[in-house]
There are 4 protein chains.
Amino acid sequence: MHDGSLLLEVHTLDSFTPTPADRFTFGLWTVGNPGRDPFGPSVRATQSPNRIVAKLAECGAYGVNLHDEDLIPFGSSAQERDRIVGEFKAALEDNGLKVPMATTNLFSQPIFKDGAFTSNDPRVRAFALQKTMRAIDLGVELGAGIYVFWGGREGTESDACRSPIEATKRFRGAIDFLCGYVRDQGYDLRFALEAKPNEPRGDIYLATTGHMLHFISTLDEPERVGVNPEVAHETMAGLSFVHSIAQAMEAEKLFHIDLNGQRIGRFDQDLRFGSEDLKQAFLTVRLLEGGVGNAPYEGPLHFDAHAYRTEDDDGVWEFAVGCMRTYKILKSRAVAFDADPDVQEIIQARRDAALDPLLDGGYSSEAAAAISAATIDVTAVAQEGLGYERLDQLLVEHLMGVRG
Amino acid sequence: MHDGSLLLEVHTLDSFTPTPADRFTFGLWTVGNPGRDPFGPSVRATQSPNRIVAKLAECGAYGVNLHDEDLIPFGSSAQERDRIVGEFKAALEDNGLKVPMATTNLFSQPIFKDGAFTSNDPRVRAFALQKTMRAIDLGVELGAGIYVFWGGREGTESDACRSPIEATKRFRGAIDFLCGYVRDQGYDLRFALEAKPNEPRGDIYLATTGHMLHFISTLDEPERVGVNPEVAHETMAGLSFVHSIAQAMEAEKLFHIDLNGQRIGRFDQDLRFGSEDLKQAFLTVRLLEGGVGNAPYEGPLHFDAHAYRTEDDDGVWEFAVGCMRTYKILKSRAVAFDADPDVQEIIQARRDAALDPLLDGGYSSEAAAAISAATIDVTAVAQEGLGYERLDQLLVEHLMGVRG
Amino acid sequence: MHDGSLLLEVHTLDSFTPTPADRFTFGLWTVGNPGRDPFGPSVRATQSPNRIVAKLAECGAYGVNLHDEDLIPFGSSAQERDRIVGEFKAALEDNGLKVPMATTNLFSQPIFKDGAFTSNDPRVRAFALQKTMRAIDLGVELGAGIYVFWGGREGTESDACRSPIEATKRFRGAIDFLCGYVRDQGYDLRFALEAKPNEPRGDIYLATTGHMLHFISTLDEPERVGVNPEVAHETMAGLSFVHSIAQAMEAEKLFHIDLNGQRIGRFDQDLRFGSEDLKQAFLTVRLLEGGVGNAPYEGPLHFDAHAYRTEDDDGVWEFAVGCMRTYKILKSRAVAFDADPDVQEIIQARRDAALDPLLDGGYSSEAAAAISAATIDVTAVAQEGLGYERLDQLLVEHLMGVRG
Amino acid sequence: MHDGSLLLEVHTLDSFTPTPADRFTFGLWTVGNPGRDPFGPSVRATQSPNRIVAKLAECGAYGVNLHDEDLIPFGSSAQERDRIVGEFKAALEDNGLKVPMATTNLFSQPIFKDGAFTSNDPRVRAFALQKTMRAIDLGVELGAGIYVFWGGREGTESDACRSPIEATKRFRGAIDFLCGYVRDQGYDLRFALEAKPNEPRGDIYLATTGHMLHFISTLDEPERVGVNPEVAHETMAGLSFVHSIAQAMEAEKLFHIDLNGQRIGRFDQDLRFGSEDLKQAFLTVRLLEGGVGNAPYEGPLHFDAHAYRTEDDDGVWEFAVGCMRTYKILKSRAVAFDADPDVQEIIQARRDAALDPLLDGGYSSEAAAAISAATIDVTAVAQEGLGYERLDQLLVEHLMGVRG
């Protein structure tokens, strides 16, 4: 349709052009997605991992992530595996790309049709551990510091098939076991657990980032394990992605992040970052960058998304560049928003010299007595307008580039 | 429309008639709901708390729960408060009803329009603590052992108004403070936190039972605090209610439960228990009653629901009896389902003499080596059919009373 | 997992065993679904169409439906096509099965990646007409009286790609053209249009049965064209399936129906009929069978669903039998419900000797004057309770087999 | 929180300041909304209609719309009614405001608790007609040319209470009757029907704009009746608002529009226009303004929304100004988008000299033969990339003000 010049090139000199310093990463399975869906086969040729590495570097990415099977076809011999890994490492080096994260595919092979770690069948559970230990070895060999777990098949359609309590115990057993493996091997590797409410299963266990965070608190080695929230997965359930990552950040558990786009209440769309719900994307970037006065997220910014099925190879790279450009535009909009005195006037913390020490000091009988005795003019406080319509309009106008 | 005989009376001799031994409870605000909604005013007269107590006892309930304002009008004098409480206690005694749970209304008064514990205004936060301490005193005076927190206004429409990280800290501070108060007073009281994703706020913090469970794990006194999951609140987000309560039960955190009916992706409907999604209701009852071999839930079975706005007073009590009857019918169906040998054949745990000890024994280098070395016939395992369509059809036929 | 005896056999003598007189049909693509999904490949072997015919007959089905490509592989020669059709017709005859409905696959081939009838590319639109004319010929040859159109790719992710007004015109042009083709060929064939809100496209044009019904009213030959509502497709959007089919029935436009199960706000699940939302399934069967005093639907009862990916071949046929058994159980429950005098007491029409003639007689100045002058006791009418909680509880108890 | 200067004033000289020429309207119930919701009472004082008129004029609005009860309290005497109307007309004239649209409140009064036109009770149906005829008289007296029908209570929770087929007939009878009334009175008035899927009822009849459009095609006088689609109502069901209004526009049935903001799968939020889903808002404005080459919508642009419950009176007018400013900003962004040659290169219609005449000429045997005989290179066509990722990124960058 057009002359082949990527937006990347068109905008080559603008301030939104991605660079490795931005820490943007993609999965082999994302830009490599050939466009297969439940109603039709692939529309794009399969790309070799090494070509993907070269193209990502050209687009300004920092790194590439992978499932074991994205690189090593299921059932490969050890010799074949080593040859592939060797060539892939050479491609990484040639192109200056890192592998910050790796993961196991525990959902495609038919043996996992009823789950991996939570399957009723001990043979399946054992095979899932086998496969994961090997995949961890691979990830470490490629330099990954983060290992993601997405239990895509850990769920049910007919919930009577398994005790959900037993499922939790099995999942915990597996993660505890694999933490043991990593310790035992002396790997410098942290785990990041990724929640999803449904699809491909009717209901997937540990459905949200909240459920995952609690699950982590029950592990043998909770400090090794954090979360990998995905925009699309929280959004499918209509939840605030910003609230979920804020809870994870406050608990120092945001180990990785999957950025993409999604509409509420739909199949898993994995759209280009920022292509849906720009306001939530703005708030996400603002939080990740420390815009609310918080410690910024400093890990890789991973786009777990893919190009529309209408696209050819050019479209795939437009998609990739678009994800990164939009992040950078939103970052610039967020900075301008927080620098706007009209914004700060509304959101600055209120202070009360008498009450603040009582509220911030924890419980004591004295504090309780003092709070109980405080006189609050309920009617007067209630009547104060909070200016949030103005605030939100300021946000929208900053987002649209009218202010700033 | 009919002769005034309740289903209760019609079925007076059947095995599904509720009795206090069933531990069913209702809130004053549930059967007392006058039918006001966003598009119209009340359609039913306000009932006095004492009349509600008498009617609930007549219907076979075990107890009644309340918000502070359900019993004591906002702004009542201490003298008025004591008179009301005295009369209410007499009504409870006369009718043999308990108050197992109490809670604070932190959402109706305009002062809470932007939250209570998470408000930006120290005066609002102080007032919320004041009001809750008084309401805890009231709950304890009435004999409650469980104190529920539902932060109905703890959220945002325009998320820029407040750091979501700061909101978490404020909410934690408040719960820690109130745990301190309960300890200091020597009350025998446990807290149960109730999540909701949205409504009345655009997004409410700690949106699901999963988020709440994690939040609890970060408290000063986590052992005092559990969850109060509500069918409608998890269902609004399309989440599996059964999975959420299973996670809470496994963690010994299911301190209370709110049973009702709801369709996914809608306003908070608070429908009669079992009137929507009978299969999920069946699975819920089965889990609560220990049907998957788990320790049963032994707390009160609270119906947080209300009659349709089309109903008069008779309809309110039909609604109440309906909630309880449906629970008992589902319990009987669940028992029959689990006693069915065709069911057990499908769901019984698979055993593997070699793998089970490896999988159940935790991590060791030896176990890892043995699992890595195990030969799994991936193709053969994958080809086994699991019989879940048969299982689910058996469930549906039990539910409809065709089997058993 | 079990001894291979289908529920069919277990229940062989009960009144819910399906028979051809029940008019149940399945698509080749439904019981033939091999279990492929977005996250994994097939888990079951591909079955030949002729085997499916034999198995469906064995299970008690009346007929089998098909897309062109379900029977004739894309790109087959004319000779190959004729051979396949000949063998298939023999299988139908041998097994006493009909083909009441046929349809075109306009969504799998990559050429349709951006739609068929609404594509921006004239070559795609021409090819879609070519393919459909041939597929109509095939359907008619096999005896189909109904031809379904599901425009699975007629939609967008990035809505700027095409004027949605132009899309409507193109879709209308195609249906008008194909009506012309059917007329010209002298075929005795009616069209049934099937709506879906999304998946595989972000948004599909003519998203609900309501949109389709309106679209039909704008066609050249509206009398030839009706709708094929699908439970899952209306339910994905959270709409009442019963209301949509009632509107179609009232307009005499319910030409075909796709029965299955689905949860709101999810990917297209195509679950076994009755496995989700039993109450809506009950109300659907009641309406189709004329339970509200309406003319019953007399067309084929098609199950557009497939077995879970956990199932082997046995599970597929359990699934098929389960769909049919549940329909028959629900039909028997609906009959008992409407025969219950307690139900009829609540739902019987109210009568008012003075007002009814005014309300039923259409507009006249006299009627307007009389209605304006009528004295309605607004307060008294408003206070009457309508008994709907009792009614709904009766429904639930009938559904669970407690009454009747 | 701030110095009281409205955004209106701050931006008083910019090109996005609203003026009457923009045709923006608000309902008395929108800017007059006092902040009552299901969980709490009003937070703002009730404003008089006449004050609202003055404030709207000050903000740059063109007109104000109303329900009968917004202006005339239910149960007012004829004398009181005439006094109020007289004063309101004076206020309109003083402030140069129009009343382009009026409607009837058929949902608040308890008598309508089970519907108005579809109620089972003839007295309720008669009263609904009475009330509507009087309200139509009022609307016409105030100069309204459009009369909206939103059947907020026309639905069910327990669907067994009424035949949905009978409900359709009753609703049609009422609209036909009222068309007769308007004709008979010689009023120059068109009707606009507004759909909503649920809330306050569990399911509302004629759930979407599509269902309404079809219903209109079955009326006695379809040319008098069009639709009034509302962003929030289509969005609650996750449907594309743009597709629904495009279908209405193509059928020349977009008589009125309700602009606001909403998240999918939630309670009816009625948020400030553009505050959610900016991309859909952009596409909506673009379509209304004729951006896809279509005839633009020329009716009033009505904002059916209200300020957050956190706001005082200042916040209400910030809200109102925000709705209008965002519309104008989006309009300017849409114009720039369609003027961008990179956009036009992607979306321009493809042409095929041989196929276009065949596709555009309607059915004939000759056209069918020619299309059947056309040679389409299926593989080559399928491989063409469509550039939609680039297109959508261009849209997002225009929206954010980076281009243009």
Side-chain angles (χ1 to χ4, degrees), chain B residues 1 29 33-44 74 105-115 119-120 150 152-153 155-158 161 196-203 236-238 261-272 275-276 306-312 315 322, chain D residues 1 29 33-44 74 105-115 119-121 150 152-153 156-158 161 196-203 236-238 261-272 275-276 306-312 315 322:
Chain B
M1 290 294 289
W29 71 95
N33 181 297
R36 190 169 69 81
D37 72 21
F39 296 90
S42 296
V43 295
R44 291 186 287 267
F74 187 75
N105 181 330
L106 294 171
F107 46 86
S108 292
Q109 294 301 323
I111 192 175
F112 299 129
K113 63 189 178 183
D114 190 36
S119 168
N120 284 349
W150 174 59
R153 300 276 176 197
T156 61
E157 287 78 32
S158 182
C161 71
K196 189 177 180 184
N198 66 76
E199 195 194 349
R201 303 309 300 270
D203 288 288
M236 285 167 65
Q262 173 75 28
R263 288 177 77 76
I264 295 171
R266 296 213 177 154
F267 68 101
D268 188 10
Q269 297 186 283
D270 284 343
L271 297 165
R272 200 178 70 257
S275 67
E276 294 293 339
H306 55 76
Y308 307 143
R309 195 172 179 259
T310 51
E311 303 305 287
D312 61 8
Chain D
M1 290 296 289
W29 71 95
N33 181 297
R36 190 169 68 81
D37 73 19
F39 296 91
S42 296
V43 294
R44 292 186 287 266
F74 187 74
N105 181 329
L106 294 172
F107 46 86
S108 292
Q109 295 300 323
I111 190 174
F112 299 128
K113 64 189 179 184
D114 189 34
S119 167
N120 284 349
D121 190 328
W150 174 58
R153 300 276 176 196
T156 62
E157 286 79 32
S158 182
C161 72
K196 189 177 180 185
N198 66 76
E199 195 193 349
R201 303 308 301 269
D203 287 290
M236 286 166 65
Q262 172 76 28
R263 288 177 76 77
I264 295 172
R266 297 212 176 155
F267 68 100
D268 188 11
Q269 298 185 282
D270 283 344
L271 296 164
R272 200 179 71 257
S275 67
E276 295 293 338
H306 56 76
Y308 306 144
R309 194 172 179 261
T310 52
E311 303 305 288
D312 61 7

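These values consider heavy atoms only, across backbone and side chains, with no hydrogens, waters or symmetry-generated copies. All values derive from a computational prediction rather than experimental measurement. Below, chains carry the letters A, B, ... as their sequence lines are ordered, and counting in each starts from 1.
Both the backbone and the side chain of B/Glu199 come within less than 4.5 Å of a heavy atom in chain D. Residue contact with chain D, scored on non-hydrogen atoms closer than 4.5 Å, involves the side chain of B/Arg36 exclusively. Residue contact with chain B, scored on non-hydrogen atoms closer than 4.5 Å, involves the backbone and the side chain of D/Phe107 alike. Of the two parts of B/Asn105, neither the backbone nor the side chain holds a non-hydrogen atom closer than 4.5 Å to a non-hydrogen atom of chain D.
A salt bridge does not link D/Lys113 to B/Asp312: none of the charged side-chain nitrogens sits closer than 4.0 Å to a carboxylate oxygen. Salt-bridge check for B/Asp37 with D/Arg153: passed, with a basic side-chain N closer than 4.0 Å to an acidic carboxylate O.
In terms of non-hydrogen atom pairs under 4.5 Å with chain B, the most contact-rich of D/Ile264, D/Leu271, D/Asp203 is D/Asp203. Chain D forms the most heavy-atom pairs under 4.5 Å with one residue out of B/Ser42, B/Gly35, B/Pro41, and that residue is B/Pro41. No other option in B/Arg263, B/Glu157, B/Met236 has as many heavy-atom pairs under 4.5 Å with chain D as B/Glu157. Highest contact tally toward chain D, considering only B/Asp114, B/Val43, B/Thr310, is held by B/Thr310 [criterion: heavy-atom pairs under 4.5 Å].
D/Arg266 contributes no side-chain N or O that, together with a main-chain N or O of B/Phe267, makes up a donor-acceptor pair within less than 3.5 Å. Side chain of D/Ser108 to main chain of B/Phe39: a donor-acceptor pair is present (N/O by atom type, distance under 3.5 Å, no hydrogens or angles).
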